[in-house]
Amino acid sequence: MAKSSSLHIRVVEGRALPAKDVSGSSDPYCLVKVDDEVVARTATVWRSLSPFWGEEYTVHLPLDFHHLAFYVLDEDTVGHDDVIGKVSLSKEVITADPRGIDSWINLSRVDPDAEVQGEVRLAVQLLQDARGRCLRCHLLQARDLAPRDISGTSDPFARLFWGSQSLESSIIKKTRFPHWDEVLELWETSGAPAPLRVELWDWDMVGKNDFLGMVEFSPQVLQHKPPNGWFRLQPFPTAEVDSGGSLGALRLKVRLAEDRVLPSKCYRPLMELLLEAVRGPPEEDIASPLAVLEELTSGDCRQDLATKLVKLFLGQGLAGPFLDYLTRREVARTTDPNTLFRSNSLASKAVEQFMKLVGMRYLHEVLKPIINRVFEEKKYIELDPGKMDLGRARRISFKGTPSEEQVRETSLGLLTSYLGLIVDAMVGSAGRCPAAMRLAFRKLQQCVEEHFPAAEHQDVKYLAVSGFLFLRFFAPAILTPKLFDLRDQHADPQTSRSLLLLAKAVQSIGNLGQQLGQGKEQWMAPLHPFLLQSVARVKDFLDQLVDVRADEEAGSPARALVPSSVTVREGFLLKRKEERGSLATCFAFKKRYFRLSGETLSYSKGPECQVHTAIPVPHICAVERVDEGAFQLPHVMQVVTRDGSGMGTLHTTYLQCKNVNELNQWLSALRKASNPNQDKLAACHPGAFRGGRWTCCLQTERSAAGCSRTHAAVTLGDWSDPLDPDAEAQTVYRQLLLGRDQLRLKFLEESNLDAAAEAHTGQGKEGSCPEALARQKAAAAHLLEVLEDLDRAHEEFLWRGQGKVVPGPWGS
């Protein structure tokens, strides 16, 4: 039974941040750390004290993570970035509410004494002889200590306190991974039993020493279970001081999902029920798992569930029937075509997530060239007289102050130019749209056309498709390209306004121009002729889009979202290959173009050049960050491989990325690709072997065991994640548990069944209700049996994991 742990994080926005720049503003961004490792960095929002980020991350984690922290910084072009404040959340705080955290949280000041990280390894014994009782502490080593010196390292030493006695270890200079291997002995004095406290400090020649962290053990622990192993360092036990909002606040959404995933055979009955539901008539279904889930879920939970369900049915080759099931149920409930798919129902969320899962490459092909051009040209565009800044237009044109009419005409010309490129790209992309999306839209259009056949509803079949493709896919990507991986950074305020105007125009085109002139934004009127001219082209495009043969067979073999041969990540990196031909290890720095697939990590001189070297992904045994001090360079990672000669020799390739986000994305992609590998390393060196020793732990043996734990389990979730049907089925099971009591009450209580029969007697055909209700009761009972079986399976595996005898008949 596998265990999984995922953090779902949304950094929404900030407010009332202090000004850090002379202009009276700040350029804030947010770093997200899990147990002191940076897992994400938001884009910088320029010139804002109330930044909106809206960035979401799913971080897959080991089960033993401890805390999550958000640091808000002000980006500076020259010098170090200024720290504004932080929000720190322990695992206990996050899990206190099963729904997670969704609130504004005040920023706190960053106290250096509280910024501790790393672990210390100890072996403690309590000994008794004629002289009295002695505490013997074998101080072995520490790892991943906080860097306190400007060089990015520390000079650590330890202080031991037991009662009134204290001792200090030796100082190990210039390392965050010290090896002491010292035995320190303290003799007990009179008085009550005392705890043992071990403090680590960074020694400084000038000024006071810097605190690195501490561990403390009670007298009871020392007596009955003397410490022996690795222990996480803690800050001094002082309460975190709330700044009272003087540093501003962050709005965060955080939810931790921890679960145990059973073997595949345990989920087969549930899978059969799910698959059976999409093969039956959706309008009559009220007791299948999908019908129950549709009724129960809401909000963020509905979006997460929609993603899991889409991936589950994609893996079964039944994504089309699944979406058809949900959309038909929603269409059947809709009486006003103007409200069709306008709510965040399970059907709407499922289609939206489906487009992101299978259509992201298509989106990039269509929009990325135009989005890049808008960012690069930085044109001033404004049609709203209330927002028009003639002074800004003058600074851009260098031709004196233009009139409002001149700015409007220039802006209109630029907007129609960009929109022309966007519309051309979209209406010419039918052949590049993934076949699965085209087929889903074809079925959707047929369903809507059958339900609204009247002549006055002839455009509804187009609106149903364009409402998803234009309003929920193209327009949001234009508005916030960072969130769709179209850009690495958020737009500056001027470009952001241009994107907003373009997104509004694309929404109007997606609505087939039906709402033009009805809103408050009458200043958009000069653009209306262009938008109306585009409507006919969009209809032709939608006709081409759904003109696809329905040759996707239900129940086709399971397939991955991204085949192993397809490139999942590519781009230029600086490669540092270790070369051992001389007395001193040297490193060659070369710019190379890398491509990663599920099979190989290859590189060449450029994207069009012949591949120079290909590293088989099965040979990768570790992918880790490298300390800045190893090369005096930031954003470096290492790919450790084991050669295929059978000798097991390790080779390390060092790669430098442009920024921390690119580093995290490459780390995550490589870890996911190499996840099935069996011989991954448990520890490695976060430094480099230079000058006859490791820069991290100062050991002189090249073959010395790694001094830092590897982080293979820490990855970022994204649209290209491999399908995991067992984990997806487990999520569905957990959601169904929330509605189990409601389902039992609705169908299996006699009084409720009689009431339901009376209600149906006046609605259905005569004589059909008792049979229908009997089928629904049988379906509900079957579903409840499946859930109870899964309950027992979880309980059984939990008992076995604890080494206990499984109670009940299933343990025999």
Side-chain angles (χ1 to χ4, degrees), residues 310-311 314 317 319-320 323 350-375 417-446 461-481 483-487 499 502-503 505-507 509-510 512 534-552 556 559-571 595-598 607-608 718-720:
V310 169
K311 297 183 79 170
L314 273 170
L323 295 176
V351 176
E352 187 177 327
Q353 296 306 308
F354 171 74
M355 291 189 296
K356 290 181 180 179
L357 286 167
V358 304
M360 197 63 80
R361 290 179 182 274
Y362 164 64
L363 178 81
H364 282 219
E365 290 177 9
V366 174
L367 291 181
K368 193 164 188 174
I370 303 112
I371 295 297
N372 286 343
R373 179 170 171 178
V374 174
F375 269 77
S417 174
Y418 288 140
L419 277 174
L421 294 172
I422 291 173
V423 173
D424 287 346
M426 290 190 298
V427 301
S429 67
R432 288 178 288 165
C433 184
M437 281 179 64
R438 298 181 67 180
L439 187 58
F441 289 145
R442 179 179 184 271
K443 291 180 178 179
L444 173 62
Q445 193 177 83
Q446 288 175 342
K461 65 177 184 179
Y462 293 114
L463 288 167
V465 177
S466 65
F468 284 116
L469 190 60
F470 283 73
L471 275 62
R472 292 178 181 259
F473 200 44
F474 287 142
I478 293 170
L479 180 63
T480 52
L483 304 187
F484 287 77
D485 292 327
L486 289 167
R487 296 288 297 187
L499 294 173
L502 290 170
V506 169
Q507 283 181 325
I509 294 172
L512 305 184
S534 302
V535 169
R537 298 180 65 196
V538 167
K539 287 184 177 181
D540 290 340
F541 161 66
L542 295 175
D543 286 334
Q544 296 173 32
L545 192 70
V546 300
D547 185 16
V548 58
R549 287 174 26 203
D551 56 1
E552 183 182 51
S556 60
R559 58 186 182 277
L561 282 178
V562 182
S564 59
S565 59
V566 171
T567 300
V568 295
R569 186 148 196 89
E570 60 185 312
R595 287 187 175 89
L596 172 66
S597 70
E608 307 299 329
D718 61 27
W719 62 271
S720 64

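Below, each value reflects all heavy atoms present in this structure, side chains not excepted, and no hydrogens, waters or symmetry copies. For the single chain, residues carry numbers from 1 onward in sequence order. Because the structure is predicted, anything quoted here is derived from the model rather than measured.
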Exercise. Only counting residues at least two apart or in another chain, list the ones meeting side chain to side chain donor-acceptor pair (under 3.5 Å) with Gln507.
Key: none
Quiz item: What is the minimum heavy-atom distance between Ala503 and Ile478, and which atoms define it?
Solution: N-CG2, 3.9 Å
Practice problem: For the residue pair Leu469 and Phe541, establish whether any side-chain heavy-atom pair is separated by less than 4.5 Å. | Solution: yes
Exercise. Return the set of residues passing side-chain contact (heavy atoms from CB on, under 4.5 Å) with Gln353 (not counting sequence neighbours), or none when no residue passes.
Key: Gln303, Ala306, Thr307, Lys356
Exercise. Please report the shortest heavy-atom distance between Ala350 and Val310, naming the atom on each side.
Key: O-CG2, 3.5 Å
Practice problem: Could you tell me the separation between the CZ atom of Arg373 and the OG atom of Ser417, rounded to the nearest 0.5 Å? | Solution: 5.0 Å
Practice problem: State which residues pass salt bridge (Lys or Arg N to Asp or Glu O under 4.0 Å) with Asp424; sequence neighbours excluded, sorted by chain then number. | Solution: Arg537
Quiz item: What are the two closest heavy atoms between Gly359 and Pro434, and how far apart are they?
Solution: CA-CG, 4.2 Å
Quiz item: Can you name the residues that form a side-chain contact (heavy atoms from CB on, under 4.5 Å) with Ala505, not counting sequence neighbours?
Solution: Leu419, Leu527, Leu531
Quiz item: What residues form a side chain to side chain donor-acceptor pair (under 3.5 Å) with Arg432, not counting sequence neighbours?
Solution: none
Practice problem: Could you list the residues that satisfy ring pair (Phe, Tyr, Trp, His ring centres under 6.0 Å) with Phe473, not counting sequence neighbours? | Solution: none
Quiz item: Atom CD1 in Ile371, atom CG in Leu502: separation rounded to 0.5 Å?
Solution: 7.0 Å
Quiz item: Do Leu323 and Lys443 pass the side chain to side chain contact (heavy atoms under 4.5 Å, CB included) test, and can you show the C-alpha distance, the side-chain angles, and the key distance before you say yes or no?
Solution: CA-CA 9 Å; Leu323 295 176; Lys443 291 180 178 179; over 6 Å; no
Quiz item: Looking only at heavy atoms, what is the nearest atom pair of Ser466 and Gly510, with distance?
Solution: OG-O, 2.6 Å
Exercise. Could you list the residues that satisfy side chain to side chain donor-acceptor pair (under 3.5 Å) with Asn372, not counting sequence neighbours?
Key: Arg487
Practice problem: Please identify each residue that fulfils ring pair (Phe, Tyr, Trp, His ring centres under 6.0 Å) with Phe484, with sequence neighbours left out. | Solution: none
Quiz prompt | Member of Ile509, Leu479, Val366 meeting the side chain to side chain contact (heavy atoms under 4.5 Å, CB included) criterion with Phe474 | solution = Val366
Self-check item: For Tyr418, ring pair (Phe, Tyr, Trp, His ring centres under 6.0 Å) partners two or more places apart
Solution: none
Exercise. Name all residues meeting the side chain to side chain donor-acceptor pair (under 3.5 Å) criterion together with Ser429; count only those two or more places apart in sequence or in a different chain, and write none if there are none.
Key: Tyr362
Quiz item: Can you name the nearest heavy-atom pair linking Leu486 to Ala477, along with the distance?
Solution: CD1-O, 3.8 Å
Practice problem: Answer whether the closest heavy-atom distance between the side chains of Asp540 and Val427 falls below 4.5 Å. | Solution: no
Quiz prompt | Residues forming a side-chain contact (heavy atoms from CB on, under 4.5 Å) with Glu570, sequence neighbours excluded | solution = Thr567, Tyr593, Arg595
Exercise. Please answer whether the main-chain N or O of Val548 pairs with a side-chain N or O of Arg442 as donor and acceptor at a distance below 3.5 Å.
Key: yes
Practice problem: Report the residues that fulfil side-chain contact (heavy atoms from CB on, under 4.5 Å) with Val465, sequence neighbours left out, ordered by chain and then residue number. | Solution: Phe441, Leu444, Gln445, Leu542, Leu545
Practice problem: Drop me the distance from Cys433's SG to Met355's CE, to the nearest 0.5 angstrom. | Solution: 10.0 Å
Quiz item: So, the side chain of Arg438 versus the backbone of Gln544: is there a donor-acceptor pair under 3.5 Å, distance only?
Solution: yes
